[in-house]
Amino acid sequence: MQNLLHNLNPEQLAAVTLPAQPALILAGAGSGKTRVLTTRIAWLIQTGQVSPAGILAVTFTNKAAKEMIARLSSMLPINTRGMWIGTFHGLCNRLLRAHHRDAGLPQTFQILDSQDQLSAIKRLLKSLNVDDEKYPPRNLMYFINGAKDQGLRAKDVEANDDYNRKFVELYDLYDTQCQREGVVDFAELLLRTYELLTRNQPLREHYQARFRHILVDEFQDTNNLQYNWLKLMAGQHNAVFAVGDDDQSIYAFRGANVGNMIAFEREFHVENLIKLEQNYRSHGHILDAANTLIANNSRRLGKNLRTDAGHGEPVRIYEAESDIREANWIIEEAKSLINEGATRSEIAILYRSNAQSRVIEHALFTAGIPYRVYGGQRYFERAEIKHAIAYLQLMDNPHNDSAFLRVVNFPTRGIGARSLEQLQDAARQYGISMYAAVPYVTGKAGTTLGGFVKLIEGMRFETQNLPLQELVQVMLDMSGLITHYQNEKEGADRIENLEQLVSAAMLFVSEEGFGIDAPAFLGPKSAEVAGPALTIADGVEVLDADAPLPAVMSPLSAFLSHASLEAGDNQAQAGQDALQLMTVHSAKGLEFDAVFITGLEEGLFPHENSAQEEAGLEEERRLMYVAITRAKKRLYMSFSQTRMLHGQTRYNMKSRFFDELPDEALKWLSPKVQHRWFGQRKSAWDEPPESGANNIAQSFNRDNAGWRVGETVSHAKFGEGVIVNIEGSGTNSRAHINFGRHGMKLLDLNIAKLEKVATRLNG
DNA sequence: TCTATCTTTGTTTTT
DNA sequence: CAAAGATAGA
């Protein structure tokens with residue numbers, strides 16, 4: 001035990017060894033949060049206070065769950081497989097599989113990712129002849145998910161006007177459609193489990209009696225439903241150990257409620273509140289930047305990080321003329337870091353939105369530097385993989401209409417809109433799935449559709465005793481997907497991806513502990529598993545702690561769940577030492593020696609859709625805080641005067657966040673730009689401007705009262721802005737100026753009192 | 001019914 | 001700039 005607890009600081013030690021009572025740990029960035037959480041679990045088990053089966057540990061990302069399991073198995077000589085450590089969604093999936101009957105779901109229910117959900121909604125609207133201009137599918141999706149995140153069914157949602165009443169009605173119909181097809185969306189996984197446990201007292205009491213210790217990571221990210229879910233699991237007696245950081249709450253957009261931290265403190269009568277403020281990650285200047293920035297937020301629980309490390313290097317800031325040059329600068333800096341001995345994988349390039357990665361990727365590719373992109377297009381979201389998955393879904397659950405529609409005519413088999421219309425009519429008439437409705441379609445359409453059904457049934461028959469990876473292979477061959485892409489010009493990559501699916505299946509099978517030769521449809525090894533998966537206790541079927549997943553889920557179902565819930569963390573080229581590219585969101589929880597935060601411009605970061613309201617802006621600021629605190633030794637920030645977005649050049653102002661950083665910690669690298677065309681051409685302008693940038697031609701046109709497009713100006717009332725466009729000339733010149741937080745203004749250049757703005761420079 | 005081509009439209013973040 | 005959707009012609 002000694003070795004378990006040594007090297008913990010007093011606060012960490014106190015947190016790890018708290019008594020079995022509700023506890024809230026306010027853990028700042030880099031304060032050893034994960035360490036405290038895992039050591040706590042290990043300590044509880046080692047001191048015999050609880051058995052591994054009595055632990056429920058919840059995280060938000062699969063990455064975090066895996067990390068926790070890995071650390072735990074290095075700390076304790078126990079098999080972590082049976083332990084309940086996972087994401088909210090993963091754990092709920094597990095519960096629903098085990099109790100599918102009580103939950104009113106087919107055993108092979110399938111999980112819709114957001115793409116699937118949106119197309120299901122579009123399909124619903126179409127079938128109901130609802131005007132999707134008036135009721136945009138996307139809005140309906142947010143409406144539904146928002147309601148579910150609050151724990152509300154359609155009947156529970158209050159609607160005060162016709163418009164919202166329609167949304168409620170559609171919400172209800174959407175649920176009906178999902179139920180008919182045997183599919184659940186992300187929010188439904190949680191809500192269904194919540195309802196199941198609320199309704200079913202014996203079941204609830206069983207799990208309450210079992211999980212004496214519930215530990216929650218990233219508690220600030222819980223939404224109301226998740227919080228209530230935790231309350232339900234906790235019951236009256238269980239110890240909830242919540243770890244979180246209100247300053248790192250960046251998921252309010254999907255319902256996360258920081259207020260849960262305060263609610264938790266109050267409702268659970270938390271007497272054990274511990275703050276971890278010692279930072280072990282970042283050098284002083286970096287931490288100062290983070291602290292100063294986040295101090296601009298109101299409504300904080302209050303916490304200030306400190307470090308024993310020295311000031312270290314200042315934060316370097318660079319202003320580029322274009323996004324392309326920004327990327328090139330990043331690469332030059334990264335190169336010199338590498339020359340100085342830095343490891344590539346310890347350098348991260350962060351951006352606010354995925355679209356920004358393209359320019360950087362291009363530059364990295366040209367420079368021949370290995371890199372790895374996280375997130376973005378994920379493996380299981382690629383079109384060809386989606387098709388393959390749809391075939392697998394139909395084999396597992398033929399009533400999934402989304403899957404049916406995706407591949408019924410892909411590759412083409414002469415089943416067009418008319419046949420499907422007939423089929424949909426039949427399905428609606430009998431209230432059954434499209435697959436089941438096929439026999440009711442007569443004529444030629446009936447024959448071709450029947451052929452498709454035969455195909456799926458043939459695939460099932462051929463694979464009924466095969467292990468998962470062979471099942472996938474047979475599916476690929478029989479579906480005609482491979483042949484289809486062979487005939488396509490750019491199909492080679494797609495075929496490669498499809499072949500990878502076989503390896504993915506094999507990997508999944510070995511990692512999850514399914515026997516590698518076990519048939520994919522049945523519960524393999526179930527006969528040999530020590531103890532049955534489901535035990536009957538007091539007349540209730542419950543999930544046994546030691547039973548591995550396969551006992552309640554067939555390998556195929558499990559694999560499909562995996563595809564939806566994990567989407568393949570883009571493991572591409574793992575192992576190679578490469579630069580790390582990712583959004584700020586996906587960087588949460590990670591740390592790097594050197595970090596580049598890019599695209600720090602008004603409208604991008606903070607994002608224009610968020611900066612309108614105070615709450616949104618504060619979330620953006622927390623996001624920036626997360627970004628800064630990822631860095632250990634070196635931190636770079638950059639922004640650009642121009643940027644391509646939606647195929648056109650945009651002129652953004654530098655981010656307001658620069659004004660919220662402490663000058664002493666910063667070093668501005670960019671050359672002065674204010675008088676660049678009045679003679680003082682220096683450094684960055686020594687190189688010729690890129691061709692094709694449409695502002696360049698205008699930049700040498702001095703006819704517009706001395707102003708040019710792209711220039712930063714200052715206005716008495718609106719503050720700083722960037723000239724986006726100039727119309728007219730001479731005494732008639734008017735300019736569209738982007739004043740960032742004050743919006744776009746059209747000003748007469750001969751009347752408005754504008755001043756040129758100098759960029760600060762101290763290096 | 002299929003394919004090629006045009007038009008339109010992009011929430012930014014993720015389980 | 002792309003991807004998704006709509007339209008026209010084969």
Side-chain angles (χ1 to χ4, degrees), chain A residues 58-65 86-93 111-119 122 126 132-133 136-139 141-142 145 148-149 184-190 218 221-223 225-226 249-256 323 350-359 362 374-378 380-383 409-421 444-445 448 488 561-567 569 582-589 599 603-612 616 619-620 622-624 626-627 643-650:
Chain A
V58 199
T59 65
F60 277 85
T61 64
N62 298 297
K63 215 188 291 174
T87 63
F88 275 103
H89 296 88
L91 294 170
C92 286
N93 182 37
I111 302 165
L112 303 180
D113 66 22
S114 350
Q115 268 179 48
D116 301 332
Q117 189 187 14
L118 187 60
S119 53
K122 283 180 183 167
K126 199 161 269 173
D132 59 1
E133 300 257 299
R138 221 183 217 101
N139 292 2
M141 182 161 99
Y142 291 130
N145 291 342
K148 288 189 179 182
D149 285 344
V184 296
D185 57 52
F186 285 140
E188 182 74 24
L189 279 172
L190 292 159
E218 308 278 15
D221 288 336
T222 51
N223 63 34
L225 178 57
Q226 287 160 337
S249 157
I250 54 174
Y251 286 107
F253 72 90
R254 66 170 196 216
D323 46 358
L350 309 185
Y351 32 82
R352 174 67 238 267
S353 60
N354 279 305
Q356 290 167 252
S357 77
R358 277 200 43 244
V359 182
H362 179 78
Y374 286 81
Q377 245 298 12
R378 295 161 190 238
F380 285 110
E381 287 168 2
R382 291 166 198 266
N409 198 33
F410 192 94
T412 49
R413 347 186 131 79
I415 298 170
R418 280 233 335 258
S419 307
L420 289 178
E421 221 168 274
K444 198 157 156 247
T448 44
E488 227 179 43
S561 295
H562 165 82
S564 300
L565 290 174
E566 301 205 27
D569 268 340
M582 65 193 84
T583 62
V584 181
H585 279 90
S586 46
K588 187 156 86 147
L604 239 183
F605 200 177
H607 197 275
E608 54 199 342
N609 295 351
S610 305
Q612 311 306 325
E619 177 145 319
E620 295 287 308
R622 290 191 295 269
L623 198 51
M624 181 68 184
V626 168
R643 184 174 297 278
M644 285 294 269
L645 192 71
H646 295 338
Q648 53 183 347
T649 314
R650 292 192 22 165

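Quick note on labels: first sequence line is chain A, next is B, and so on, each numbered from 1. As the structure is a computational prediction, the values presented were derived from the model and not from experiment.
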Query - Partner residues of A:F88 under the ring pair (Phe, Tyr, Trp, His ring centres under 6.0 Å) criterion, sequence neighbours left out - result: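 Testing A:F88 for ring pair (Phe, Tyr, Trp, His ring centres under 6.0 Å), a comparison that skips the adjacent residues, returns A:F60, A:W229.
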Query raised in the report: Partners of A:H585 by ring pair (Phe, Tyr, Trp, His ring centres under 6.0 Å), sequence neighbours excluded?
Result: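 For A:H585 the ring pair (Phe, Tyr, Trp, His ring centres under 6.0 Å) partners, ignoring immediate neighbours, are A:Y251, A:F253.
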Counterpart residues, side-chain contact (heavy atoms from CB on, under 4.5 Å), relative to [X] (two or more places apart):
{"X": "A:D323", "answer": "A:V359, A:R643, A:M644"}
{"X": "A:R413", "answer": "A:Y391, A:N409, A:P411, A:F452, A:L455"}
{"X": "A:K122", "answer": "A:L118, A:P137"}
{"X": "A:A445", "answer": "A:S419, A:Q422, A:V441"}

Requested in this report: Quick one: label A:S564 by what it contacts on the DNA or RNA (base, sugar-phosphate, nothing), any heavy atom closer than 4.0 Å.
Outcome: nothing
Query raised in the report: Just checking A:F88: base, sugar-phosphate only, or nothing, at a heavy-atom cut-off of under 4.0 Å?
Result: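 The answer is nothing, as A:F88 stays clear of every strand by at least 4.0 Å.
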Identify the pairs formed between an N or O of the protein and an N or O of nucleotides 2-5 of chain B at a distance under 3.5 Å, and give each distance.
from	atom 1	to	atom 2	distance (Å)
B:dC2	OP1	A:G414	N	2.8
B:dC2	OP2	A:N409	ND2	3.1

Between [N] ([atom2]) and [X] ([atom1]): distance, integer Å:
{"X": "A:Y351", "N": "B:dT12", "atom1": "OH", "atom2": "P", "value": "15 Å"}
{"X": "A:L91", "N": "B:dT15", "atom1": "CG", "atom2": "P", "value": "15 Å"}
{"X": "A:L112", "N": "B:dT15", "atom1": "CG", "atom2": "C1'", "value": "13 Å"}
{"X": "A:Q612", "N": "B:dT12", "atom1": "CD", "atom2": "C1'", "value": "14 Å"}
{"X": "A:F410", "N": "B:dT1", "atom1": "CZ", "atom2": "P", "value": "18 Å"}
{"X": "A:N354", "N": "B:dG10", "atom1": "CG", "atom2": "P", "value": "18 Å"}
{"X": "A:Q117", "N": "B:dT15", "atom1": "CD", "atom2": "P", "value": "15 Å"}
{"X": "A:M141", "N": "B:dT12", "atom1": "CE", "atom2": "P", "value": "13 Å"}

Requested in this report: Tell me which of A:S610 and A:F186 sits closer to the 5' end of DNA chain B, going by the nucleotide each one is nearest to.
Outcome: A:S610
Query raised in the report: Taking for each residue the nucleotide of DNA chain B bearing the nearest heavy atom, is the 5' side occupied by A:T61 or by A:S353?
Result: A:S353
Requested in this report: Please state whether the base of B:dT13 and the side chain of A:R352 form at least one donor-acceptor pair under 3.5 Å?
Outcome: yes
Query raised in the report: Side chains of A:I111 and A:F186: closer than 4.5 Å at any heavy-atom pair?
Result: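 Touching, per the 4.5 Å side-chain cut-off.
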**Report entry** Check: A:I250 and A:V626 side chains under 4.5 Å, non-hydrogen atoms
**Finding:**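 Heavy-atom side-chain distance check passes, below 4.5 Å.
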Requested in this report: Considering only NZ, NE, NH1 and NH2 on the basic side and carboxylate oxygens on the acidic side, decide whether A:D132 and A:R138 come within less than 4.0 Å.
Outcome: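 Here A:D132 does not pair with A:R138 in a salt bridge, since their nearest N and O are not under 4.0 Å apart.
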Query raised in the report: Looking only at atom P, what distance separates B:dT13 and C:dA4, rounded to whole Å?
Result: 15 Å
Using nucleotides 1-6 of chain C, report all nitrogen or oxygen pairs with the protein that are shorter than 3.5 Å.
from	atom 1	to	atom 2	distance (Å)
C:dC1	N4	A:H646	O	3.3
C:dA2	OP1	A:R358	NH2	2.6
C:dG5	OP1	A:K122	NZ	3.1

Query raised in the report: Does B:dT13 have A:F253 stacked on its base, where the ring centres are within less than 5.5 Å and the planes differ by under 30°?
Result: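 Per 5.5 Å and 30° rule: yes, stacked.
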Query raised in the report: Among all residues two or more places apart in sequence or in another chain, which pass the side-chain hydrogen bond (donor to acceptor under 3.5 Å, both in side chains) test with A:N354?
Result: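 Result, side-chain hydrogen bond (donor to acceptor under 3.5 Å, both in side chains) vs A:N354: none returned.
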Query raised in the report: Is there a side-chain polar atom (N or O) of A:H89 under 4.0 Å from OP1 or OP2 of B:dT15?
Result: no
